[in-house]
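A quick note: this is a predicted structure, and the numbers were derived from the prediction, not measured.
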Amino acid sequence: MSNELYIWIGLAGLGAITVISRCAILLWPGPLALPPRLQRALRYAPMAAFAAVIAPATLLAVDGFMVHWTHPRVRAVAAAWLAWWISRRMAIAMIAGLSVYVLTRLAGGVW
């Protein structure tokens with residue numbers, strides 16, 4: 001087989017797996033009840049993603065060194081983390097982080 005056919009088979013397979021995994025919950029025959037322990041653990045998933053993805057990308061500069069604490073991104077991450085820690089609501093954390101970022105950028109004249 002040609003390489004192009006392998007690519008098309010791979011794309012079709014990935015598409016099918018995506019559709020099946022996303023639609024499986026809709027096709028489930030009855031209501032899906034999660035155990036309380038799993039529900040409690042899932043409450044921390046957004047903050048875990050924040051800590052794993054956003055914080056390192058924000059705190060590390062391009063050359064691999066830490067960005068200074070006066071940088072607007074660092075202050076925004078700190079504000080978002082503090083807002084989440086107090087409220088345990090991701091929407092409030094995102095609003096706090098974005099607000100601090102914009103205000104810090106406007107106050108510093110960097111826009």
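- Linking ILVMFWY side-chain heavy atoms closer than 4.5 Å, directly or via other members, places Val100 and Trp85 in two distinct hydrophobic clusters.
- Hydrophobic side-chain contacts under 4.5 Å tie Leu11 into a cluster, directly or through other members, with Ile7, Trp8.
- The hydrophobic cluster around Leu103 extends to none of the other residues, as no ILVMFWY side-chain heavy atom falls under 4.5 Å of it.
- Heavy atoms of other residues, nucleotides or ligands lying less than 6.0 angstrom from CZ of Arg88 number more than 12.
- A single hydrophobic cluster is not seen to contain both Val77 and Ile95; linkage of ILVMFWY side chains at heavy-atom distances under 4.5 Å, directly or through other members, places them apart.
- Note that CG of Leu82 is 9.0 Å distant from OG of Ser87, once rounded to the nearest 0.5 Å.
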For residues 34-50, which side-chain donor-acceptor pairs fall under 3.5 Å, sequence neighbours excluded?
{"from": "Gln39", "atom 1": "NE2", "to": "Leu34", "atom 2": "O", "distance (Å)": "3.3"}

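- One finds the OH atom of Tyr101 at 13.0 Å from the CZ atom of Arg75 (value rounded to the nearest 0.5 Å).
- Side-chain contact between Trp84 and Met90 is present, with at least one heavy-atom pair separated by less than 4.5 Å.
- Contact record, Ala83 with Ala96: CB-CB, 3.5 Å, taken as the closest heavy-atom pair.
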